[in-house]
A.B. asks: 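A single structure is presented below for examination.
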Protein chains: 2
Amino acid sequence: MKVSSKGEYALRALLVLGELHGKVVSIQEISDKTLVTVSYLEQILLKLKKLGYLESKRGTNGGYILKRETRDINIGEVIRVLEGPLSPMGCASITKYEPCQLEPSCQLKPLWSLVRDTIAYVLDQTTLEDLLENRIALNKGDDFLAFKRTN
Amino acid sequence: MKVSSKGEYALRALLVLGELHGKVVSIQEISDKTLVTVSYLEQILLKLKKLGYLESKRGTNGGYILKRETRDINIGEVIRVLEGPLSPMGCASITKYEPCQLEPSCQLKPLWSLVRDTIAYVLDQTTLEDLLENRIALNKGDDFLAFKRTN
DNA sequence: AAAATGTTGACTAGAATACTCGACTTTTCA
DNA sequence: TGAAAAGTCGAGTATTCTAGTCAACATTTT
Ligand code: FES
Ligand code: FES
């Protein structure tokens, strides 16, 4: 159930860029602050740019800059685009459903669906702004969290 | 965020054995019902035996039999032993914590912890009996689920 | 004794992950 | 105007993980 390095590093980079919102930050500087190598970041940042999260500026004093508002960057979305569906099992995925042999009578699927829903609930509800302000879902409801299944 | 085939297959096998609780079931029969190859099941069932979930009987008419009560088999536990911690990140794992470079000032850790907690809450609360009776956490509270952080 | 099972350990093919690297393009600024 | 400082792009690679296989062996039943 691990999250991959790409997703993790993308979030680290977004945090750096969010903190310096409005400023152009070079890959090198992001690398220093995230402890991710420059060459790996190249890949990740370029992808984030193509997905519309960042803008870039070339040449001397160039770098990346956050394009959207931090409150409009959804963590679930970022993780999904960088490493695929949140569901622990293809058959329970909403964004990328894949059939399963035993599906008609499967007694596990409801569990996977529930797991998917809970993860999606947490991540889709969290924005970059929330992370920057150390305001995660947990604290929103006073160490108490409730949710409804949305489908 | 996928769950591996080993965890999945182990649960399939436990469901078969739970359904036939008290009966000795051969690997072959489990294979037929789970669509997992006999040789792969060998590995998995043996592990489940060593972990105390199953007993085995050798020779003709031998096979596996569920040792514990279905209500005492915890799904979170099964997944953890078969494929490691539930946490999406080592630094947020309670069962197998691993330090993280950026940890002191990390703004992601609270998120990973929350994700871990929600997954753990769902899985640790579900038993084999729940699965057999199609009674997953979701239904326990009328499509509404609430939880507290336990640590 | 033969047949039907579980037991054990080693082994392997393939996929995925986590990167690296070199050549190129654009921009700045001395 | 040219060198240096960036980002861009496409490929390549090393390592790890996954998902399984398999053969030889041990035990039990009939
Ligand atoms: S696990 Fe996919 S349908 Fe059962
Ligand atoms: S992700 Fe582990 S401490 Fe930040």
Side-chain angles (χ1 to χ4, degrees), chain A residues 1-13 16-17 23-32 34-51 53-67 79 82-85 88-90 96 98 100-101, chain B residues 1-13 16-17 23-32 34-51 53-67 79 82-85 88-90 96 98 100-101:
Chain A
M1 305 280 288
K2 295 286 176 252
V3 66
S4 76
S5 69
K6 256 184 188 154
E8 156 86 354
Y9 297 165
L11 291 178
R12 286 195 198 174
V16 169
L17 288 166
K23 293 206 183 66
V24 175
V25 188
S26 71
I27 297 188
Q28 183 58 59
E29 189 174 344
I30 298 176
S31 170
D32 294 341
T34 57
L35 304 184
V36 179
T37 63
V38 169
S39 28
Y40 201 18
L41 276 175
E42 283 173 2
Q43 262 188 42
I44 295 165
L45 294 171
L46 199 52
K47 190 154 190 182
L48 287 174
K49 179 193 168 185
K50 286 180 176 162
L51 289 166
Y53 294 102
L54 312 178
E55 276 177 308
S56 63
K57 214 188 135 203
R58 287 178 155 197
T60 307
N61 296 320
Y64 284 95
I65 185 171
L66 200 59
K67 193 170 172 183
I79 292 185
L82 268 117
E83 59 183 298
M89 211 88 233
K96 196 173 178 213
E98 281 174 41
C100 210
Q101 315 149 308
Chain B
M1 305 281 290
K2 294 286 176 253
V3 65
S4 75
S5 69
K6 256 185 188 152
E8 156 87 353
Y9 295 166
L11 291 178
R12 287 196 197 174
V16 168
L17 288 165
K23 295 206 180 66
V24 174
V25 188
S26 71
I27 298 189
Q28 183 59 59
E29 189 175 343
I30 298 176
S31 171
D32 293 342
T34 57
L35 306 184
V36 180
T37 65
V38 168
S39 30
Y40 202 17
L41 276 174
E42 284 172 0
Q43 264 187 41
I44 294 166
L45 294 171
L46 198 53
K47 190 155 190 183
L48 286 174
K49 179 192 169 186
K50 288 182 175 160
L51 290 166
Y53 294 103
L54 311 178
E55 276 177 309
S56 62
K57 217 187 132 204
R58 285 177 159 197
T60 306
N61 295 323
Y64 284 97
I65 186 172
L66 201 59
K67 193 171 174 184
I79 292 186
L82 268 117
E83 58 182 302
M89 212 88 233
K96 196 170 179 220
E98 282 175 42
C100 209
Q101 316 148 311

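Each chain gets a letter, A, B and so on, in the order the sequences are listed, and its residues count up from 1. If you're wondering where the values come from, they're calculated on a predicted model, not measured in any experiment.
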A.B. asks: Give a yes or no answer on whether the side chain of A:Ser31 reaches the backbone of A:Val36 with a donor-acceptor pair at less than 3.5 Å.
C.D. replies: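 Here the side-chain-to-backbone pair exists.
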A.B. asks: Please report, rounded to the nearest Å, how far the P atom of D:dT18 is from the CD atom of B:Glu8.
C.D. replies: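 Rounded to the whole Å, the gap is 15 Å.
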A.B. asks: When all nucleic acid strands are considered with a 4.0 Å heavy-atom cut-off, which category describes A:Gln28: base, sugar-phosphate, or nothing?
C.D. replies: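 No contact.
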A.B. asks: On a plain distance test, is the side chain of B:Glu42 in donor-acceptor contact with the base of C:dG6 below 3.5 Å?
C.D. replies: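 No, no donor-acceptor pair under 3.5 Å.
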A.B. asks: B:Gln43 side chain: which of C:dT26, D:dG20, C:dA18 is closest?
C.D. replies: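 Minimum distance to the B:Gln43 side chain belongs to D:dG20.
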A.B. asks: To the side chain of A:Thr60, which of D:dG7, C:dG6, C:dT28 is closest?
C.D. replies: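 Closest nucleotide among those given: C:dT28.
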A.B. asks: Any side-chain N or O of B:Ser39 under 4.0 Å from OP1/OP2 of D:dT21?
C.D. replies: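 For D:dT21, OP1 or OP2 has a side-chain N or O of B:Ser39 closer than 4.0 Å.
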A.B. asks: Would you kindly give the CD1-to-C1' distance between A:Ile44 and D:dT8, to the nearest whole Å?
C.D. replies: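 Checked: the CD1 to C1' distance equals 15 Å.
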A.B. asks: Tell me: CG of A:Leu48 to C1' of D:dC9, nearest whole Å?
C.D. replies: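 Distance, rounded to whole Å: 16 Å.
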A.B. asks: Looking at every strand, decide which applies to A:Leu45 at a 4.0 Å heavy-atom threshold: base, sugar-phosphate, or nothing.
C.D. replies: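 A:Leu45: no heavy atom of the nucleic acid under 4.0 Å.
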A.B. asks: How many Å lie between CG on B:Leu41 and P on D:dA19, as a whole number?
C.D. replies: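 That distance rounds to 14 Å.
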A.B. asks: At under 4.0 Å, does any side-chain N or O of B:Lys49 touch on OP1 or OP2 of C:dT7?
C.D. replies: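 For C:dT7, OP1/OP2 do have a side-chain N/O of B:Lys49 under 4.0 Å.
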A.B. asks: Using side chain to side chain contact (heavy atoms under 4.5 Å, CB included), reason through B:Val38 and B:Glu42 one step at a time and then give a plain yes or no.
C.D. replies: CA-CA 6 Å; B:Val38 168; B:Glu42 284 172 0; 4.2 Å; yes
A.B. asks: Describe the nucleic acid contact of B:Lys50 in one word from base, sugar-phosphate, nothing, applying a heavy-atom distance below 4.0 Å.
C.D. replies: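 Sugar-phosphate: the residue B:Lys50, judged by heavy atoms under 4.0 Å, touches backbone atoms but no base.
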A.B. asks: Quick one: which of B:Leu46, B:Val25, B:Ile65, B:Leu17 gives a side-chain contact (heavy atoms from CB on, under 4.5 Å) with B:Leu54?
C.D. replies: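 Looking at B:Leu46, B:Val25, B:Ile65, B:Leu17, the match for B:Leu54 under the side-chain contact (heavy atoms from CB on, under 4.5 Å) is B:Leu17.
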A.B. asks: At what distance, to the nearest 0.5 angstrom, does CD of B:Gln101 lie from CZ of A:Arg12?
C.D. replies: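 Output value for this atom pair is 5.0 Å.
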A.B. asks: Quick check for you: to the nearest 0.5 Å, what is the distance between B:Lys67 atom NZ and B:Lys49 atom NZ?
C.D. replies: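 Answer for the NZ-NZ pair, B:Lys67 versus B:Lys49, is 9.0 Å.
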A.B. asks: Which whole-number value in Å describes the distance from A:Met1 CE to D:dT18 C1'?
C.D. replies: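 My rounded result for the distance is 17 Å.
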A.B. asks: Verify the contact: side-chain N or O of A:Tyr9 to OP1 or OP2 of C:dC19, cut-off strictly under 4.0 Å; return yes or no.
C.D. replies: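 Yes.
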A.B. asks: Is the shortest side-chain N/O distance from B:Ser56 to OP1 or OP2 of C:dT5 below 4.0 Å?
C.D. replies: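 Checking C:dT5 against B:Ser56, no side-chain N or O comes under 4.0 Å of OP1 or OP2.
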A.B. asks: Check every atom of D:dG7, C:dT7, D:dT30 against the side chain of B:Asn61 and return the nucleotide holding the closest atom.
C.D. replies: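 That would be D:dT30.
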A.B. asks: Can you confirm whether A:Lys47 sits close enough to A:Gln43 that some side-chain heavy atom of one is under 4.5 Å from a side-chain heavy atom of the other?
C.D. replies: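 No; the side chains remain at least 4.5 Å from each other.
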A.B. asks: Rounded to the nearest angstrom, tell me the gap between atom CZ in A:Arg58 and atom P in C:dC29.
C.D. replies: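 Answer to the nearest Å: 17 Å.
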A.B. asks: Would you kindly check whether a donor in the side chain of B:Glu83 faces an acceptor in the base of D:dT18, or vice versa, at under 3.5 angstrom?
C.D. replies: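 No, the side chain and the base share no sub-3.5 Å donor-acceptor pair.
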A.B. asks: To the nearest Å, give me how far apart CD1 (A:Ile27) and P (C:dC19) are.
C.D. replies: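 Rounded to whole Å, this separation is 16 Å.
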A.B. asks: Would you mind reading off the distance between A:Leu46 atom CG and D:dA11 atom P, rounded to a whole angstrom?
C.D. replies: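 It works out to 14 Å between those atoms.
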A.B. asks: Pick the nucleotide of DNA chain C nearest each of B:Gly59 and A:Thr37; which residue has the one closer to the 5' end?
C.D. replies: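 Mapping each residue to its closest nucleotide by heavy atoms, the 5'-most match is B:Gly59.
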A.B. asks: Nearest heavy atom decides the nucleotide; on that basis, is B:Lys57 or B:Tyr40 closer to the 5' end of DNA chain D?
C.D. replies: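 Nearest-nucleotide comparison on DNA chain D picks B:Tyr40.
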